[in-house]
Amino acid sequence: MLDIRAIRSDPEAVKASLARRGIDTSDIDAVVALDARRRDLVTTRDAVRAEIKTLSKQVGRLRGTGDESAAEASMARSRALGAEADALEAAETAVAAELDALLLGIPNVIHADAPDGISDADNPVVEMVGDIDGFADHQRVPHWETGAALGILDTERATKITGSMFVMLRGAGATLSRALCQLALDRNADAFEEIRPPSLVSTATLTASGQLPKFADDAYAVERDDLWCIPTAEVPLTSIAAGEILDSAELPMRFMAYSPCYRREAGAAGRDTRGMLRAHEFDKVEILSLATPEQAPAMLDELVHRAEATIATLGLTYRIIEICSGDLGQSHHRSFDIEVYAPGCDMWLEVSSVSWFSDYQARRANIRYRPAPSADDPRPATRMVHTLNGSALAVPRVWAAIVETYRNPDGTVTVPEVLRPYMRGITVIGA
RNA sequence: GGAGCGGUGGCAGAGCGGACGAAUGCACCGGUCUUGAAAACCGACGACCUGUCACAGGGUCCGGGGGUUCGAAUCCCCCCCGCUCCGCCA
């Protein structure tokens with residue numbers, strides 16, 4: 001959610017930023033009009049209420065002096081004003097609701113340094129490690145074939161048990177998946193508190209991080225209990241401090257969590273249906289930070305570097321791209337994706353998305369902090385925190401890239417060195 | 001799921017129709033004292049909306065939502081959450 005004050009004070013600047021997304025900005029004009037109307041109603045209503053309060057106190061005093069008829073007059077006057085206040089209140093509530101609904105649907109403003117562009121085709125590559133042409137024929141086998149041959153990926157039975165776009169890992173494949181989670185957690189445990197959050201969250205929580213109300217179709221709903229399955233651990237982690245006022249000394253806060261992620265993939269039916277490329281349920285380790293606006297830029301760098309470093313230790317070919325204005329998610333202020341190259345299916349797979357949300361999510365979740373007192377401001381006002389997060393590692397696609405990259409001529413798969421401590425002694429899958 | 005009790009400021013904890021944004025203690029902040037610190041003392045000290053160049057001023061908030069009343073933290077109704085006991089249970 002954008003800051004209504006920012007919109008009010010310079011609507012053209014907000015519109016200019018949103019225009020970079022290639023969207024219609026007329027909602028901003030509507031917001032400005034509603035906001036003016038709302039403030040008008042508030043001012044009038046408050047004046048009426050102030051008078052009611054004065055009159056009510058008078059009643060008490062007049063009763064004390066025994067002037068019953070004067071008290072009666074004040075009561076009558078106050079009663080009439082009460083009806084007026086109620087009407088103004090109702091009007092204000094209605095306008096405020098309309099304003100909020102509009103505000104919830106307006107995407108975040110874009111960071112000045114984010115590149116311009118229309119679609120994902122315009123996302124610039126900022127770093128590239130490895131050579132996509134440097135693979136042998138035995139590595140040019142899709143992971144779903146290798147996985148089936150080695151008995152570590154069983155999509156047929158997953159489909160039988162649940163339905164299409166669900167996967168099941170077996171044996172060393174399941175262990176490999178869990179090893180990746182463990183690796184990602186261990187590599188970030190130096191600075192991040194490990195959380196095991198709930199996987200089902202309330203509507204308020206899913207709204208706070210930006211998924212609702214606009215993207216309800218993408219989430220699994222547990223309607224009977226009015227709960228939602230999380231599409232990422234970002235959702236519960238963001239809301240850890242919802243409604244709280246943090247001490248500046250506590251910032252930046254850093255959390256990491258392994259969680260299952262549930263996505264209906266409503267807009268992606270029929271895309272990437274093979275193997276582990278896209279599933280309704282998958283595992284991911286997320287890293288997240290609540291920071292001051294001043295700390296945020298460095299934190300964005302840190303998160304990108306941490307995600308990159310984990311991919312790098314796995315020995316995969318990868319690249320980092322920056323998301324252009326037209327491809328940026330609704331809540332995002334600035335984002336970077338890490339993609340690994342999967343030689344078997346010859347595709348770049350997005351395995352991490354690191355984003356800075358500025359105060360967009362914090363305003364929805366109402367997460368504030370109190371800046372440290374200084375000489376000229378001994379009691380500073382509260383400010384919204386900034387939220388940032390990124391996938392430390394999205395398991396299935398990394399799993400796929402490993403199975404393809406590390407496939408040997410005999411069809412077995414060598415386990416990357418850094419994963420071996422978590423593999424119960426398995427060094428070559430299928431050997 | 002059933003029964004009982006409870007939800008008040010950062011924390012603890014009074015108040016139970018009018019002078020209550022709310023006693024008191026602790027914490028926090030500023031100051032006095034001190035070589036420095038502690039202690040002591042003095043003062044300040046919630047959030048949000050509105051308003052102002054900035055002050056001032058006005059309003060809302062005592063778990064959430066309705067209601068009664070001239071007036072609600074206080075009375076009534078519904079909901080949510082917590083604790084204790086019972087039931088169920090990995």
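Chain naming here is simple, since letters A, B, ... match the order of the sequence lines and numbering starts at 1 in each. No hydrogens, no waters, no symmetry mates; every other heavy atom, side chains included, goes into these values.
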Original post:
Going by the angle between their ring planes, with limits at 30° and 60°, are A:His111 and A:His333 parallel, tilted or perpendicular?
Top reply: perpendicular
**OP:** Measure from CG on A:Asp86 to P on B:rG67 and round the result to the nearest Å.
**Re:** 8 Å
Original post:
Are A:Arg38 and A:Glu98 within salt-bridge range, i.e. N to O under 4.0 Å?
Top reply: no
Original post:
Is the distance from OP1 or OP2 of B:rG58 to the nearest side-chain N or O of A:Arg45 less than 4.0 Å?
Top reply: no
**OP:** Taking atom C1' in both B:rC16 and B:rA22, compute the distance separating them and give it to the nearest angstrom.
**Re:** 13 Å
Subject >> Any A:Arg38 side-chain nitrogen or oxygen under 4.0 Å from OP1 or OP2 of B:rC49 >> reply: no
Original post:
Do the side-chain N and O atoms of A:Gln58 and A:Ser74 include a donor-acceptor pair separated by under 3.5 angstrom?
Top reply: yes
Original post:
Looking at the side chain of A:Ile245, which of B:rA47, B:rC49, B:rC70 is the nearest nucleotide?
Top reply: B:rA47
**OP:** Using the P atoms only, state how far B:rG63 lies from B:rU8, rounded to an integer number of Å.
**Re:** 6 Å
Original post:
Once you round it to whole Å, what is the distance between C1' of B:rU60 and CD1 of A:Ile52?
Top reply: 13 Å
Original post:
Can you check whether A:Ser78 has a side-chain N or O nearer than 4.0 Å to OP1 or OP2 of B:rG71?
Top reply: no
Original post:
Hey, is the side chain of A:Lys53 poking within less than 4.0 Å of OP1 or OP2 on B:rU60, counting only N and O atoms?
Top reply: yes
Subject >> Upstream residue (5' side of RNA chain B) when A:Leu55 and A:Ala47 are each assigned their closest nucleotide >> reply: A:Ala47
Original post:
Which is it for A:Tyr360 and A:Gln330 under the side chain to side chain contact (heavy atoms under 4.5 Å, CB included) test, yes or no, and what are the steps along the way?
Top reply: CA-CA 10 Å; A:Tyr360 190 86; A:Gln330 158 169 291; 3.5 Å; yes
Original post:
For A:Arg368, which contact category applies under a 4.0 Å heavy-atom criterion: base, sugar-phosphate, or nothing?
Top reply: sugar-phosphate
Original post:
Counting any heavy atom closer than 4.0 Å, what does A:Arg383 reach on the DNA or RNA strands: base, sugar-phosphate only, or nothing?
Top reply: nothing
**OP:** State the pairing partner of B:rU84; accept Watson-Crick or G-U wobble contacts with both distances under 3.5 Å, and report none otherwise.
**Re:** B:rA3
Original post:
Using purine N1 to pyrimidine N3 plus N6-O4 or O6-N4 for Watson-Crick, or N1-O2 and O6-N3 for G-U wobble, both under 3.5 Å, which nucleotide pairs with B:rG71?
Top reply: none
Original post:
If you measure from the C1' atom in B:rG9 to the same atom in B:rC86, how many Å do you get, rounded?
Top reply: 37 Å
Original post:
Rounded to the Å, how far apart are A:Glu244 CD and B:rC48 P?
Top reply: 15 Å
Subject >> Pair partner, B:rG17 [Watson-Crick or wobble, under 3.5 Å] >> reply: none
Subject >> A:Arg370 side chain near B:rG46 phosphate (N/O to OP1/OP2, under 4.0 Å) >> reply: no
**OP:** Could you let me know what B:rA40 is paired to, Watson-Crick or G-U wobble, both distances under 3.5 Å, or none if it's on its own?
**Re:** B:rU32
Original post:
Taking the nucleotide of RNA chain B with the closest heavy atom to each, which residue, A:Glu51 or A:Arg5, is nearer the 5' end?
Top reply: A:Arg5
Original post:
So what does A:Ser74 hit on the nucleic acid, given a heavy-atom distance under 4.0 Å: a base, only sugar-phosphate, or nothing?
Top reply: nothing
Original post:
Rounded to the nearest Å, what distance is computed from the CD1 atom of residue A:Ile4 to the P atom of nucleotide B:rG51?
Top reply: 12 Å
**OP:** Send over the distance from A:Leu62 CG to B:rG71 P, rounded to a whole Å.
**Re:** 16 Å
**OP:** Just name whichever nucleotide pairs with B:rA23, Watson-Crick or G-U, keeping both distances under 3.5 Å, else none.
**Re:** none
**OP:** Output the single nucleotide from B:rC70, B:rG59, B:rC49 whose closest atom is nearest the side chain of A:Asp46.
**Re:** B:rG59
Subject >> B:rG59 OP1/OP2 closer than 4.0 Å to side-chain N/O of A:Arg39 >> reply: no
Subject >> Gap between atoms CG and C1', on A:Asp247 and B:rC11 respectively (whole Å) >> reply: 14 Å
Original post:
Which value, in whole Å, describes the distance between the P atoms of nucleotides B:rA23 and B:rA47?
Top reply: 16 Å
Original post:
Quick one: does A:Ser325's side chain have a donor or acceptor within less than 3.5 Å of a partner on A:Arg20's backbone?
Top reply: yes
Original post:
Judged by modelled atom types alone, do A:Asp337 and A:Asn123 share a side-chain donor-acceptor pair under 3.5 Å?
Top reply: no
Original post:
Which value, in whole Å, describes the distance between the C1' atoms of nucleotides B:rG7 and B:rU74?
Top reply: 15 Å
Subject >> Distance test, side-chain N/O of A:Arg49 to OP1/OP2 of B:rG71, below 4.0 Å >> reply: no
Subject >> Separation of B:rC28 C1' from A:Tyr369 OH (nearest whole Å) >> reply: 18 Å
**OP:** For B:rG51 and B:rG58, measure between their P atoms and round to the nearest Å.
**Re:** 16 Å
**OP:** Please check if any side-chain donor atom of A:Tyr258 sits under 3.5 Å from a side-chain acceptor atom of A:Arg196, or the reverse.
**Re:** no
**OP:** Run the numbers on A:Arg254 and A:Glu302 for salt bridge (charged side-chain N to carboxylate O under 4.0 Å, His left out), then give the verdict.
**Re:** CA-CA 11 Å; A:Arg254 300 164 201 252; A:Glu302 178 181 340; 2.6 Å; yes
Original post:
Expressed as a whole number of Å, how far does the C1' atom of B:rU24 sit from that of B:rG57?
Top reply: 31 Å
Original post:
Between A:Asp226 (CG) and B:rC81 (P), how many Å, whole number?
Top reply: 11 Å
Original post:
Among the nucleotides B:rU50, B:rC70, B:rG59, which one has an atom lying closest to any side-chain atom of A:Ala50?
Top reply: B:rG59
Original post:
If the C1' atom of B:rC77 is compared with that of B:rC29, how far apart are they to the nearest Å?
Top reply: 44 Å
